[in-house]
Amino acid sequence: MGGGTTRVGDPSDKTSQRPLLTDAVIGANLAGIRRAFAPFLAFGEGPTDAVMVNNADWLDRLGYIEFLRDYGVHFTINRMLALEFVKTRIEAQQPLTFLEFNYLLMQAADFLELNRRFGCTLQFGGSEQWGNIVSGIDLIRRVEGREVFGVTAPLVTTASGVKMGKTVAGAVWLDGAMLAPYDYWQFWRNTEDADVGRFLRLFTDLPLAEIARLEALGGAEINEAKTVLANEATTLLHGAEAAGAAAGAARDVFGSGGITKDLPTRPLKRGGWPQGRSSTEVVFASGLVSSKAEARRKLSAGEVRINDELMTDPTKTIYWSDVEQPLGVFKVQLGKRGRIVLVQPVD
RNA sequence: GGGGGAAUGUCCCGAGCGGCAAAGGGGGCGGACUGUAAAUCCGCUGGCGUACGCCUUCGCAGGUUCGAGUCCUGCUUCCCCCA
């Protein structure tokens, strides 16, 4: 956790100055990140358990002179100028601040510190971290005489070049409270054909032979592979039960057109309205749109179905008595086969 | 220290003779076509309101004007050139 490095910000992101975070916020973020990783890692005290540390623990105490003397001596400008991100910035006549230039020293120092404290020998990161990681490897070799390693992965994009992680409601959240398991399952189910094999290898633990069989499926049969991908990925994050429920909900929705309690559900206050609320209010309550104006637009454009009926009048009253039984909810759907949210009237 | 340039719809890029809710892309959402896919074509993409409508946006703060993204002044940040 970069509680220390966050104070200087991400050098590559020049458009937005990263705000200084208070210790309280950093603590909350740390807890949040820990929660996000919990399904995949076992945190604890055991020999193979995961630990999460905050680099503010050692970076904050570091004085400038001390920093220069302990770490600065091991870095030559000659080598740093040869780094790819430095070269490209200089060649492109783009400014490279001293702060950015120093960022990799701090990250290298982190690796060294982790190596000393925990015997950490491998640093993993996105491909843009290559220079930072290699600098840490060099530093550890010089200071400790130990050989350590780095692994980088390319930014994952879809076959059509789109960055991974964007979806209707924003990002693909790992937190089930931010993105319902059903929607997480759907995200994987809607993978592009060309990505299925790659994603199965990257995001599931299936045997390679099985993956090879799945990605060989052609035409509409590839959908079977997508279902497997969705099941596996959702199981890893939310567990087999949630994955099964999401798959079942999908069968009901896309197969029979029915609804189940496993679909995302949002409340709608009855308030002072005894009979019902306008279609705009109901759609807004679903969270499928971010404003009532957008709800009106989408209704008028014929994008919305309520209880399987195309609803084009933004002012039409939806009566409380129109809820679908036995769940007692309105089924709000964006697009003919698009996202579905159940809206439940509450007092 | 001196000179020049730039900041636009809070997703991004980017046009913008003083009348602008603001061109055009990309992205996103929807439709047609399909297989809950891709590609292609079409529509939508500031907020509030049932509605004539109202409100808020162009780095920040003032000013000129009936009226300012557009002109003037100061400030902030960034870039380039000279020293």
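A note on names: the letters A, B, ... follow the listed sequences, proteins ahead of strands, and every chain is numbered from 1.
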Nearest-Å distance once atom P is located in both B:rU56 and B:rA61: 14 Å
Distance, P atom - from B:rG49 to B:rC44, rounded to whole angstrom: 22 Å
Atom C1', compared across B:rG69 and B:rA21: separation rounded to whole Å: 12 Å
Residue closer to the 5' end of RNA chain B, A:A301 versus A:A194 (nearest nucleotide): A:A301
Who pairs with B:rG1 - Watson-Crick or G-U, where each distance is under 3.5 Å: B:rC82
Hydrophobic cluster of A:F149, others only, ordered by chain and residue number, side-chain cut-off 4.5 Å: A:L122, A:F124, A:V151
Protein-nucleotide distance (A:W188, atom CH2; B:rA37, atom P), rounded to Å: 17 Å
Who pairs with B:rU57 - Watson-Crick or G-U, where each distance is under 3.5 Å: none
Integer-rounded Å distance: B:rA37 P and A:F199 CZ: 16 Å
Whole-Å gap separating P (B:rU45) and CG (A:L288): 19 Å
Under 3.5 Å, which N/O atoms of the protein pair with N/O atoms of nucleotides 32-35 of chain B?
{"residue": "B:rA32", "atom": "OP1", "partner": "A:K336", "partner atom": "NZ", "Å": "2.6"}
{"residue": "B:rU34", "atom": "O4", "partner": "A:R337", "partner atom": "NH2", "Å": "2.2"}
{"residue": "B:rG35", "atom": "O6", "partner": "A:D193", "partner atom": "OD2", "Å": "3.2"}
{"residue": "B:rG35", "atom": "N1", "partner": "A:D193", "partner atom": "OD1", "Å": "3.3"}
{"residue": "B:rG35", "atom": "N1", "partner": "A:D193", "partner atom": "OD2", "Å": "2.5"}
{"residue": "B:rG35", "atom": "N2", "partner": "A:D193", "partner atom": "OD1", "Å": "2.6"}
{"residue": "B:rG35", "atom": "N2", "partner": "A:D193", "partner atom": "OD2", "Å": "3.4"}
{"residue": "B:rG35", "atom": "N2", "partner": "A:N223", "partner atom": "OD1", "Å": "3.3"}
{"residue": "B:rG35", "atom": "N2", "partner": "A:K226", "partner atom": "NZ", "Å": "3.1"}

Minimum-distance pair of heavy atoms, taken over all atoms of A:V282 and A:L268: CG2-CD2, 4.0 Å
Which residues share a side-chain contact (heavy atoms from CB on, under 4.5 Å) with A:T315, sequence neighbours left out: A:D313
Complement of B:rC44, any strand, by Watson-Crick or G-U distances under 3.5 angstrom: B:rG28
Separation of the P atoms in B:rU10 and B:rG59, to the nearest angstrom: 13 Å
Check: A:W188/A:N231 side-chain N/O donor and acceptor closer than 3.5 Å: no
Residues that, via side-chain heavy atoms closer than 4.5 angstrom, fall in one hydrophobic cluster with A:Y319: none
Within residues 274-281 of chain A, residues whose heavy atoms come under 4.0 Å of RNA chain B: none
Qualifying residues under side-chain contact (heavy atoms from CB on, under 4.5 Å), relative to A:A216, sequence neighbours excluded: none
Hphob cluster co-occupancy, A:V134 + A:V143, side-chain heavy atoms under 4.5 angstrom: no
Residue-level proximity of residues 290-300 of chain A to RNA chain B when a heavy atom falls under 4.0 Å: A:S291, A:K292, A:A293, A:R296, A:R297, A:K298
Length of the CG-C1' vector between A:L217 and B:rA37, whole Å: 14 Å
Atom P, compared across B:rG62 and B:rC12: separation rounded to whole Å: 26 Å
Nucleotide B:rU36, atom P - distance to CZ of A:F187 in whole Å: 19 Å
Same-atom distance (P) from B:rC17 to B:rC78, integer angstrom: 28 Å
Atom P, compared across B:rA83 and B:rA15: separation rounded to whole Å: 31 Å
Partner residues of A:E144 under the salt bridge (Lys or Arg N to Asp or Glu O under 4.0 Å) criterion, sequence neighbours left out: A:R116, A:R146
A:E303 CD - B:rG31 P separation (whole Å): 7 Å
Anti or syn - B:rC12, cut at 90° from 0: anti
Separation of atom CD in A:E192 from atom C1' in B:rU36, rounded to whole Å: 14 Å
Which residue lies more 5' along RNA chain B, comparing A:A250 with A:G302 via nearest heavy atoms: A:G302
Qualifying residues under side-chain contact (heavy atoms from CB on, under 4.5 Å), relative to A:E66, sequence neighbours excluded: A:L62, A:R69, A:D70
Cluster link A:I65 to A:F75, ILVMFWY, side chain under 4.5 Å: no
Side chain to side chain donor-acceptor pair (under 3.5 Å) involving A:R35 - partner list, sequence neighbours excluded: none
Sugar-phosphate only, base, or nothing, as touched by A:E221 at under 4.0 Å among non-hydrogen atoms: nothing
A:E294: side-chain contact (heavy atoms from CB on, under 4.5 Å) partners, not counting sequence neighbours: A:V289, A:S290, A:S291, A:R297, A:K298
Set of residues satisfying ring-ring contact (aromatic ring centres under 6.0 Å, His included) with respect to A:F67, sequence neighbours excluded: A:Y71
Spacing of the C1' atoms in B:rA22 and B:rU8 (rounded, Å): 9 Å
Euclidean distance, atom CG of residue A:L334 to atom C1' of B:rC29 [Å, nearest integer]: 7 Å
